[in-house]
Structure formats: structure tokens, C-alpha cells
Amino acid sequence: MMGVIVTNPPKADLEDVDALARYGVATVSEAMGRTGLLGPAVRPVQQGVRVAGTAVTVIGWPGDNLMIHAAVEQCGEGDLLVVTTTSPCTDGLFGELFATALQQRGVRGVVTNTGIRDTQELRDMGFAAWSRAVSSQGTVKATGGSVNVPIAIDGQVIRPGDVILADDDGVVVVPRERARETIESSEAREAKEAATRAAFVEGQLGLDRYGLRETLKRLGVEYRTYEEYEGERP
């Protein structure tokens with residue numbers, strides 16, 4: 001449905017959002033069964049930053065940022081703005097002025113399937129941003145869209161109030177109903193990885209820890225000395 005601004009949608013609990021922020025995007029996606037990831041084209045404009053927030057969603061028209069202006073009013077503490085358009089767009093729909101307004105409202109960042117500009121200013125002010133493109137191309141404010149409705153980016157459905165986690169590795173969406181179970185699964189996965197890391201420090205090989213020697217054998221992969229290999233070559 002286009003042309004609607006939904007107010008006060010249900011949101012994940014901020015305590016759960018902050019708990020998820022302790023884990024990386026890769027860990028959380030793996031903990032959910034390798035799901036939830038936005039595509040690799042949505043990249044950070046900064047490095048070394050991880051944020052999590054509750055999604056305020058926007059769908060507008062290419063080259064038009066009217067609905068981002070409308071979305072600012074719906075944003076509050078702990079939110080993260082998520083923007084897409086009805087068809088592909090790399091224009092600079094979002095910049096420093098939007099970030100200034102959102103930062104004052106406690107918004108933690110922006111993820112957009114479009115373009116961003118003023119990237120140096122965003123880094124200087126500490127406003128985290130992930131985008132599909134960086135572009136100075138300006139926009140108009142002329143066409144209606146929607147705020148706080150389900151949207152899709154790279155095949156991932158994002159609903160208002162879902163948890164968005166973003167870091168140097170990309171962006172993952174956690175359905176708001178699954179926040180608590182995903183925290184528990186992420187904690188378990190991190191503990192498992194810590195044990196594996198310690199084993200690797202002690203010199204254990206992944207081939208042995210993961211039982212991969214039998215996998216290689218089953219696949220017909222054989223070991224040969226250099227002399228044997230050279231002798232078998234035509």
C-alpha cells in the first residue's frame with residue numbers, strides 16, 4: 001500500500017536490541033540459520049562501527065526524498081532508518097542535514113538501498129550509514145510514498161520495529177519476535193567460536209577439529225608427495 005504513514009508500530013525491546021549489538025553481523029546471521037542478510041552491495045561509509053536499532057522503514061520514489069522528511073517525525077530513541085525506493089536509485093537521497101535532525105531524536109544510523117552524500121560530514125558527526133552508492137546527485141520532494149510499512153531490500157523483508165544490525169561486514173535484519181532467541185543462539189555460537197579459536201592457537205587444524213579429513217576422503221581427494229604427483233602427470 002502506497003501513501004500511508006503508520007504511527008507507533010510494535011518494536012523489538014531496546015534491551016534486546018542492545019544485546020544483539022554485542023555480536024557481529026556474521027555471527028547473528030549464522031545464529032539465525034544463515035538468513036537475514038542484505039546483499040553485499042549495501043556497504044558502510046565508515047569503518048570500525050557497529051550499530052543496532054529498531055527499523056523505521058521508508059519507501060519512496062527514485063530521485064525523491066519527500067518520504068524521508070516524513071519519516072523523521074516518526075523516529076525516536078534507538079531507531080534506525082531504513083530506506084528503499086520503488087525502483088533502483090543511486091541518487092544521494094540522504095545527507096548531513098537529515099543526519100543532524102535524526103541524531104537529535106536519538107536515531108542510531110541509516111541503511112539505504114539508494115545513494116548517500118556528505119559522507120565526510122557523516123563520519124565527522126559520528127552518524128553511522130550504510131548505502132548502495134555514494135552520489136552527490138540531488139533530489140526532489142514531489143511524490144508520495146509510505147513510512148513504517150514492510151519493505152524489501154535484496155529479498156529481505158524488513159518490517160517496522162524489526163532489529164537492524166550493521167557493521168563493517170554488512171547488514172542483517174532480525175525479526176522483532178526472534179530477537180531474544182537470536183541473542184541466545186548468538187551467545188552459544190560465540191562461545192563455540194571462542195573454543196575453536198583457543199584450539200587453533202594451540203595448533204589444532206580445522207581439518208581435525210571439524211572432521212574434514214573424512215570429508216576429503218569421501219570426495220575422492222587424495223594426498224600425493226611431490227615426486228608422486230610429478231610422476232603421475234602426463
Side-chain angles (χ1 to χ4, degrees), residues 1-21 25 28 36-38 42 44-46 49-62 64-86 89 92-116 118 122 125-132 139 141 143-154 156-167 170-179 182:
M1 178 180 182
M2 289 296 290
V4 61
I5 298 173
V6 179
T7 62
N8 300 316
K11 297 181 179 181
D13 189 276
L14 273 183
E15 183 177 343
D16 291 340
V17 173
D18 292 339
L20 280 168
V25 165
V28 169
L37 287 174
L38 273 60
V42 178
V45 302
Q46 69 284 309
V49 174
R50 179 187 298 158
V51 298
T54 45
V56 173
T57 60
V58 180
I59 182 166
W61 288 79
D64 193 314
N65 67 5
L66 172 63
M67 298 315 295
I68 300 179
H69 284 278
V72 172
E73 183 181 25
Q74 304 305 316
C75 290
E77 189 70 37
D79 285 335
L80 195 149
L81 190 68
V82 186
V83 180
T84 191
T85 49
T86 56
C89 171
L93 267 64
F94 187 97
E96 177 262 337
L97 291 179
F98 273 135
T100 299
L102 291 170
Q103 199 169 58
Q104 295 305 309
R105 302 178 78 87
V107 175
R108 297 177 174 182
V110 63
V111 171
T112 177
N113 198 29
T114 68
I116 279 182
D118 305 330
L122 295 178
M125 65 191 293
F127 191 84
W130 285 256
S131 70
R132 187 167 297 273
T139 58
K141 303 162 182 60
T143 313
S146 293
V147 175
N148 277 336
V149 299
I151 63 173
I153 296 178
D154 294 335
Q156 295 296 332
V157 175
I158 302 168
R159 301 167 305 160
D162 284 346
V163 183
I164 302 296
L165 174 66
D167 62 18
V171 182
V172 65
V173 53
V174 180
R176 56 180 182 261
E177 301 90 347
R178 296 188 61 188
T182 303

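- Taking every heavy atom of both residues into account, Val17 and Ala12 meet most closely at CG2-CB, 4.1 Å.
- Only one option out of Lys11, Arg105, Arg108 pairs with Asp79 in a side chain to side chain donor-acceptor pair (under 3.5 Å); it is Lys11.
- For Thr57 (side chain) and Val82 (main-chain N/O), no donor-acceptor pair under 3.5 Å exists by modelled atom type.
- Side-chain N or O atoms of Gln46 include one that pairs as donor or acceptor with a backbone N or O of Ala129 at under 3.5 Å.
- Under a 3.5 Å cut-off, the side chain of Asp16 and the backbone N or O of Asp13 do not form any donor-acceptor pair.
- If you take OG1 on Thr182 and CG on Leu20, they are separated by 6.5 Å, rounding to the nearest 0.5 Å.
- A donor-acceptor pair under 3.5 Å links the side-chain atoms of Asp162 to the main chain of Arg176, judged by distance alone.
- Here the rule is side chain to side chain contact (heavy atoms under 4.5 Å, CB included) with Thr85, and of Ile151, Leu93, Thr112 only Leu93 fits it.
- Taking CG of Leu122 as the reference point, atom CD1 of Ile116 lies at 6.5 Å (rounded to 0.5 Å).
- Using modelled atom types, one finds no donor on one side chain facing an acceptor on the other under 3.5 Å when comparing Thr100 with Gln104.
- The distance from atom OG1 of Thr54 to atom CZ of Arg159, rounded to the nearest 0.5 Å, is 12.5 Å.
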Residue pair Leu66, Thr143: steps toward the side-chain contact (heavy atoms from CB on, under 4.5 Å) verdict: CA-CA 7 Å; Leu66 172 63; Thr143 313; 5.8 Å; no
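- The environment of Glu177 atom CD is dense: over 12 non-hydrogen atoms of other residues, nucleotides or ligands sit within 6.0 angstrom.
- Put simply, the side chain of Gln156 does not reach to within 4.5 Å of the side chain of Val172, judged on heavy atoms.
- Taking 4.5 Å as the limit, some side-chain heavy atom of Val171 sits within range of a side-chain heavy atom of Ile164.
- Side chains of Thr139 and Asp64: a donor-acceptor N/O pair is absent below 3.5 angstrom, by distance only.
- When all heavy atoms of Phe94 and Ala99 are compared, the pair lying nearest together is CZ-N, 3.7 Å.
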Full working for side-chain contact (heavy atoms from CB on, under 4.5 Å) between Ile5 and Glu73: CA-CA 10 Å; Ile5 298 173; Glu73 183 181 25; over 6 Å; no
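- For Ala21 against Ala52, the heavy-atom pair with the smallest separation is CB-CB, 3.8 Å.
- Between Gly76 and Val107, the shortest heavy-atom contact is O-CG2, 3.9 Å.
- Side-chain atoms of Trp61 come within 3.5 Å of backbone atoms of Gly144 as a donor-acceptor pair (strictly under, hydrogens ignored).
- Here Leu38 contributes atom CG and Asp154 contributes atom CG; the two are 5.5 Å apart, rounded to the nearest 0.5 Å.
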Dump the intermediate steps for side-chain contact (heavy atoms from CB on, under 4.5 Å) on Ile59 and Val149, then the final yes or no. CA-CA 8 Å; Ile59 182 166; Val149 299; 4.2 Å; yes
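- Without hydrogens or angle criteria, Ser146 side chain to Gly3 main chain gives a donor-acceptor distance under 3.5 Å.
- Rounded to the nearest 0.5 Å, atoms CG (Leu97) and CG (Asp118) are 7.0 Å apart.
- For the side chain to side chain contact (heavy atoms under 4.5 Å, CB included) with Val56, the lone residue among Val83, Val110, Val147 that qualifies is Val147.
- The OG1 atom of Thr7 sits 8.5 Å away from the CG atom of Asn148 when rounded to the nearest 0.5 Å.
- Minimum heavy-atom separation, Val45 to Ser131: CG1-OG, 4.2 Å.
- Contact record, Asp167 with Trp130: O-NE1, 2.9 Å, taken as the closest heavy-atom pair.
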